[in-house]
Every structure is written in C-alpha cells, then in structure tokens.
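In the text below, chain A, chain B and the rest are named by the order of the sequence lines, each starting its count at 1. The analysis underlying the following values was restricted to heavy atoms, covering all of them including side chains, and did not include hydrogens, waters or symmetry mates.
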Amino acid sequence: MIKVRFAPSPTGFLHIGGLRTALYNYLFARHNNGIFLLRIEDTDRSRFVEGAAEGLVDILKWAGLDFDEGPLFQSDRLDIYKERVDFLLKNGFAYRCFCSADRLDGMRKAQIAKKQPPKYDGLCKSLSPEESDKLAKEKPFTVRMKMPQEEIIFDDAIRGTVKFHGSLIDDQVILKSDGYPTYHLANVVDDRMMGITHVIRGEEWLSSTPKHIILYRYFGWNPPVFAHLPLLLNPDKSKLSKRQGDVAVESYKEKGYLPEAVLNYVLLLGWATEDSQQIFSKEEMIAKFSIERCGKSGAIFDIQKLIWMNGEYIRKLPIEELTRRAIPFIEKAGFEASDIGYLQKCVFLEQEKIKLLSDVPHLIDFFLKDDIIYDKNALDKVVKKPGVFEILNDIAVVYSELKEFTEQSTETVTREYAIKKSLKTAQIFHPVRVAVSGRTEGPSLFHMLELLGRDRVLKRVNYLIGEING
RNA sequence: GCCGCUAUCGUCUAGCCCGGUUUAGGACGUCGCCCUCUCAAGGCGAAGAUCAUGGGUUCAAAUCCCAUUAGCGGCACCA
C-alpha cells in the first residue's frame with residue numbers, strides 16, 4: 001500500500017512551493033489508491049506560531065487537497081523519539097554532546113573564517129559512557145548521531161543515483177537540549193512508524209538525505225523511496241521568497257485566484273505530459289500524474305501565466321458558481337449582495353473580462369451604485385466631441401418613448417436613429433456607454449442598458465447632458 | 001570554502017533513457033491581422049532557442065561519453 005505525507009512546520013502561512021509539494025504527494029497517493037497523510041512538524045518551539053497549524057489545514061482544504069490521516073503532531077510523540085534516541089545511545093550510534101552554544105558558535109565562525117567547512121570537531125564523541133552518564137546529570141546536553149566515514153549512496157526517484165561521503169557530513173544533532181528531536185530524527189522515526197513508502201519533498205532536503213539513510217540503517221529499517229522536487233524560483237532564479245512577491249497561498253486566495261487555477265498552475269511547475277497539456281481537471285491530474293515525469297530543474301514562478309489560467313477557469317465557471325465565489329469580494333468592496341439574481345446578471349455580462357475574483361466589484365460597480373464616477377479620459381475622448389450634446393438629448397427622448405425597454409428594443413431604436421441622422425452607430429454607442437457607465441469599456445451596450453433599466457439610464461444620460469451644459 | 005543538484009524560446013515545458021521521423025513541438029507573454037458598439041473573449045498568423053560551452057564517439061547528436069563554465073541548494077540545539 002502506497003502511503004505519502006505532507007509534513008509542513010507550523011511557522012507561518014503555507015508557502016506556494018509547499019502547496020506544490022502537497023499537491024504532488026496528494027496526486028501520487030490518489031493515482032495509486034494510496035493514503036495521503038498530514039503531519040505537523042512542530043519540534044521547534046522557538047519558531048512555533050499560534051494558529052499556524054489550523055491555517056495550514058484550512059488552506060489545504062481550500063485547495064481541495066483532502067488528507068486521509070492526520071493532522072498528526074510531532075509534539076505529541078516526544079516519548080517515542082526519546083525511546084529511539086536511547087536505542088541509538090545504547091548501541092553506540094549516537095553520543096551526548098555537552099558543548100555550549102557559545103563554543104559551537106565560535107568554532108563555526110573560526111572555521112568559516114579559515115574557509116573550512118563548518119563542522120563539529122567531535123570533542124564529546126570521545127567521552128566514555130561513564131563520563132557521559134555522570135555529566136548528563138549535571139549539564140544540559142544534545143545528542144548527536146555518528147556519521148560513518150564511508151560513501152553513502154542512494155537512489156532518488158527523480159535524480160537517479162546520488163552519492164555523498166560520510167566524512168564530509170557533520171555529526172548531526174538529533175535531540176536538542178530541550179528534549180525535542182530535530183527534523184532528521186523525528187522525520188525518519190515518523191515516516192517509518194506511520195508506514196510512509198515514498199518521501200516526496202523539496203530539493204533543499206537532498207543533502208540531508210544521507211543522514212536519514214544512516215538513521216534508517218542504525219534502526220535496522222529499510223528506507224522509503226525518496227523523490228526530491230526541484231525548487232520554485234524568483235525571477236532572479238533564487239529560491240522563491242517573500243521579498244520578491246507573494247509566497248503565501250493565503251494571499252492568492254485573498255487576491256481572488258481560484259484554487260483550481262492555482263493547483264493547475266503549480267502542477268505545471270516541474271511536471272508535464274508528453275503533449276504539453278495545459279489545463280487539467282483534478283480527475284485528469286490524478287489519472288496522469290507520475291513521479292517519473294517530474295522535471296529536475298528549478299522553475300521560475302510566472303505570475304502572468306497564473307493570471308491567464310485563472311481567467312480560463314473563471315470563464316468556464318457556471319454563472320451561479322462564479323457569482324457565489326465573487327460575493328465575498330463584492331461585499332468586501334462595500335456593496336450589498338443580497339439580490340443574487342441581479343448580481344448574477346451583472347457578473348454574467350463581465351465574465352469574460354474577469355481575471356481575478358477581486359476584479360469583480362470594480363467591473364460591475366456601475367450596476368450597483370448611483371453615484372457613478374465619470375472617467376476623465378472617457379469624458380475627454382468621447383463626450384467632449386461636437387454633436388454629442390444633441391445626440392444624448394435625442395436618445396433620451398427616443399428611449400423615454402419606448403414601450404418596452406429591452407436589449408432588443410433599445411438596439412433597434414438606436415440604430416434607427418443613427419440611420420435617420422446619417423451617423424455612424426459608434427458615434428451614438430460610445431457617448432451613451434460613457435453616460436450610463438462612466439467609462440469607455442464594458443459589456444455590450446444594449447445588454448447593459450436593459451440591466452440598468454430605463455430609469456437609471458435616463459437619469460444618467462440627463463445628468464451628463466447637464467454636465468456638458470454646465 | 002566544501003559537498004551536491006541543475007542547464008532546450010523572456011517564462012513554464014515536450015523531445016533526450018531506446019541517436020536519423022526536428023526546418024527543435026506546445027503553453028504564457030509580446031507583436032500583427034480578423035471579428036466587433038468599447039474592453040475583453042475567440043480565430044488566424046509572426047517574431048522568439050547557435051538545444052550552457054568545448055572536445056570526442058558516429059555516416060548522423062538536443063539526444064551517447066568526457067571536461068569546463070554558470071546558476072542554484074545544503075553545510076544550525078530551523079524545518
């Protein structure tokens with residue numbers, strides 16, 4: 001039975017790169033009818049952020065990456081790690097280290113200054129068991145694993161065979177002086193005890209993997225399959241970071257990206273099909289995903305393509321659904337959103353123009369409020385032209401004489417008026433558009449007029465006539 | 001500094017494992033044309049890649065081999 005996990009630490013919001021890792025794990029599990037587990041790696045008390053774990057669960061839910069087990073918290077499992085550390089200590093695979101943080105720090109700085117690799121000098125390694133036991137009662141200590149001085153070779157499902165030499169790797173701290181395990185220990189122990197078969201994680205873990213391999217060996221366990229995903233990059237090719245744009249999935253949600261689009265976009269950052277398919281339903285993702293087709297090189301996060309993709313998904317959404325999702329944004333902009341039927345009509349007229357849900361309030365605001373703002377540019381370009389005053393006056397009369405004020409009837413009489421006056425239709429359409437909406441761009445004119453209704457249309461046209469006069 | 005990973009259009013990538021079907025394919029973006037009451041959307045088209053560089057192997061290399069370079073990642077009592 002295939003089993004994978006997503007194992008974030010609760011130190012803040014979910015990173016967009018983390019979302020991709022979670023997605024790949026999720027897809028791999030679903031594709032293989034396996035299990036997807038969520039584990040919260042909260043072993044660093046100094047970086048713990050209140051509410052972060054809940055936030056992680058919420059945003060995963062928003063993204064639709066439902067997990068089958070968890071969330072499991074490492075802080076609930078301290079006894080288990082402690083027991084494993086004792087095992088290592090007893091078998092000589094690890095030793096207590098009583099060096100102070102100051103000593104370690106000074107040593108590291110000196111090594112770096114001498115252009116040497118920063119590495120623990122092994123001072124406490126030579127302590128006898130008796131000395132170690134005695135000191136342990138007096139001083140705080142950490143526990144370090146012993147790195148064997150040999151070549152460590154492992155297979156990565158994405159990168160193939162990878163080799164490191166143990167002599168170059170530090171005797172890693174696996175238990176901190178506060179009694180909490182470090183990532184390396186907790187990760188290995190949990191993956192084993194939770195039955196994880198495939199570890200799919202970011203490339204930043206590749207060089208730690210030999211430590212994990214050795215821990216598995218010390219415990220007498222078979223390691224899982226490792227797959228290290230390429231990193232997500234800033235436009236300058238450095239590891240994607242806060243400084244150069246949004247990395248929190250939460251902020252994409254707030255900006256009005258659809259989870260389907262974010263997932264689909266992130267899917268393509270490091271994975272592709274042979275035919276370079278771009279748009280995937282979730283079912284297709286699950287059906288087609290495979291680790292073998294993951295790329296090896298880092299991918300720059302291109303917001304332009306995400307925006308395009310979001311537009312694609314928005315255009316495909318049924319109008320009821322689109323409106324439902326847009327309502328929080330409409331309300332946030334200060335508009336009343338109780339008349340769903342009316343909002344649906346407004347949103348429908350603008351659907352093909354929406355890139356982000358947060359665009360919606362602005363796109364439809366002239367349907368929702370009376371004191372519309374006339375765009376300066378629109379006034380200059382369209383209204384301040386000779387003949388506009390007369391046209392608007394005539395049109396107001398024509399519209400007021402209409403029996404029924406509909407898309408069809410308004411179009412018919414407007415075109416008739418154009419012929420009668422030997423005007424190009426655009427000479428009438430444009431000023432009317434500006435008069436009723438305040439701007440030059442918008443939905444097709446007559447759909448807009450019908451939705452606005454005669455009263456509002458006449459009121460706005462007459463208002464503009466007054467403005468031209470004044 | 002040491003270790004490791006990576007390297008195809010501006011960006012995401014296909015092709016590479018199993019050399020010839022590649023005038024290196026698709027997508028975003030850009031530009032042009034069409035449609036059109038505007039903006040979009042849509043349709044059509046264009047520009048854009050000496051396949052990091054240099055050597056081999058071969059009748060033939062983006063594809064195989066070697067070296068080099070560059071970029072990135074890791075080297076915490078962070079994950």
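Rounded to whole Å, the separation between the C1' atoms of B:G10 and B:G74 comes to 29 Å. One C1' atom belongs to B:G15, the other to B:U21, and the distance between them is 12 Å to the nearest Å. Remark: the separation of the P atoms in B:C3 and B:A14 is 30 Å, to the nearest Å. Spacing between B:A24 and B:G48 at atom P, rounded to whole Å, works out to 13 Å. A distance of about 44 Å separates the C1' atoms of B:G71 and B:C34, rounded to the whole Å. Taking the P atom of each, B:G25 and B:G4 are spaced 37 Å apart, rounded to whole Å. The same atom, C1', is picked in B:C64 and in B:G26; the two are 27 Å apart, to the nearest Å. A distance of about 15 Å separates the C1' atoms of B:G19 and B:C51, rounded to the whole Å.
Between the NZ atom of A:Lys316 and the C1' atom of B:A40 there is a distance of 18 Å, rounded to whole Å. Following rounding to the nearest Å, A:His447 (NE2) and B:U36 (P) show an atom-to-atom distance of 16 Å. To the nearest angstrom, P of B:C2 lies 19 Å from CG of A:Leu206. Across the protein-nucleic acid pair, A:Ile158 atom CD1 and B:G4 atom C1' stand 16 Å apart, rounded to whole Å. Regarding A:Ile303, its CD1 atom lies at a distance of 17 Å from the P atom of B:U11, rounded to whole Å. In this structure, the CD atom of A:Glu352 is 12 Å from the C1' atom of B:U38, given to the nearest Å. In this structure, CD of A:Glu274 is placed 16 Å from P of B:C18, rounded to the nearest angstrom. Atom-to-atom, CZ of A:Phe366 to C1' of B:U38 comes out at 11 Å; the value is rounded to the nearest Å.
Between A:His184 and A:His212, the two ring planes are tilted [angle within 30° to 60°].
For A:Lys316 and A:Tyr313, the positive end sits near the middle of the six-membered ring, less than 6.0 Å away and at most 45° from its axis. Cation-pi geometry between A:Arg45 and A:Phe48 is not satisfied (NZ or CZ under 6.0 Å from the ring centre, within 45° of the ring normal). Geometric assessment of A:Arg144 against the ring of A:Tyr120 yields a positive cation-pi assignment under the 6.0 Å and 45° thresholds. Figure legend: cation-pi geometry between A:Arg77 and A:Phe73 absent, as NZ or CZ is not positioned both under 6.0 Å from the six-membered ring centre and within 45° of its axis.
The partner of B:C2, taking Watson-Crick or G-U wobble pairs whose two distances both stay under 3.5 Å, is B:G74. Under the Watson-Crick or G-U wobble criterion, with both distances below 3.5 Å, B:C44 is paired with B:G32. When Watson-Crick and G-U wobble pairs are counted only if both distances are under 3.5 Å, B:U11 pairs with B:A27. Across all strands shown, B:C51 has no partner, as no Watson-Crick or G-U wobble contact with both distances under 3.5 Å is found. When both distances must be under 3.5 Å, the Watson-Crick or G-U wobble mate of B:C59 is B:G20.
The side chain of A:Val162 approaches B:C5 more closely than any other nucleotide in the set B:U38, B:A14, B:C5. Of the candidate nucleotides B:U6, B:G29, B:A14, B:U6 has the atom lying nearest to any side-chain atom of A:Ser297. Side-chain proximity of A:Ser276 to the nucleotides B:C37, B:U13, B:A27 is greatest for B:U13.
Annotation: side chain of A:Leu19 is in contact with side chain of A:Leu263 (closest heavy-atom distance under 4.5 Å).
One cannot find a donor-acceptor pair under 3.5 Å joining the base of B:C5 and the side-chain atoms of A:Arg159.
Heavy atoms of A:Glu312 sit under 4.0 angstrom from primed sugar atoms or phosphate atoms, though from no base atom. Residue contacts for A:Gly202: at a heavy-atom cut-off of 4.0 Å it reaches no nucleic acid atom on any strand shown. Within 4.0 Å (heavy atoms only), A:Arg315 reaches sugar-phosphate atoms of the nucleic acid but no base atom. Across all strands, A:Arg293 comes closer than 4.0 Å only to sugar-phosphate atoms, never to a base (heavy-atom distances). Using a 4.0 Å heavy-atom cutoff across all strands shown, A:Ala426 reaches no nucleic acid atom at all. At the heavy-atom level, A:Lys424 lies nowhere under 4.0 Å from the strands shown.
Mapping A:Gln278 and A:Lys353 onto RNA chain B by nearest heavy atom places A:Gln278 closer to the 5' end of the strand. Place A:Gln277 and A:Thr273 on RNA chain B by their nearest nucleotides, and A:Thr273 ends up nearer the 5' end.
No donor-acceptor contact under 3.5 angstrom links the side chains of A:Lys421 and A:Gln427, judged on distance only. Using a 3.5 Å distance cut-off with no hydrogens or angles, the side chains of A:Thr414 and A:Tyr399 do pair a donor with an acceptor. Side chain to side chain, A:Tyr183 and A:Asp44 fail the donor-acceptor criterion of an N or O pair below 3.5 Å. A:Asp102 and A:Ser100 are not linked by any side-chain donor-acceptor pair at a separation below 3.5 angstrom, with hydrogens and angles left out of the test.
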* Give the B/S/- string for nucleotides 71-79 of chain B, one per nucleotide from 5' to 3', where a protein heavy atom under 4.0 Å of the base yields B, of only the sugar-phosphate yields S, and otherwise -. => -SSSBSBBB
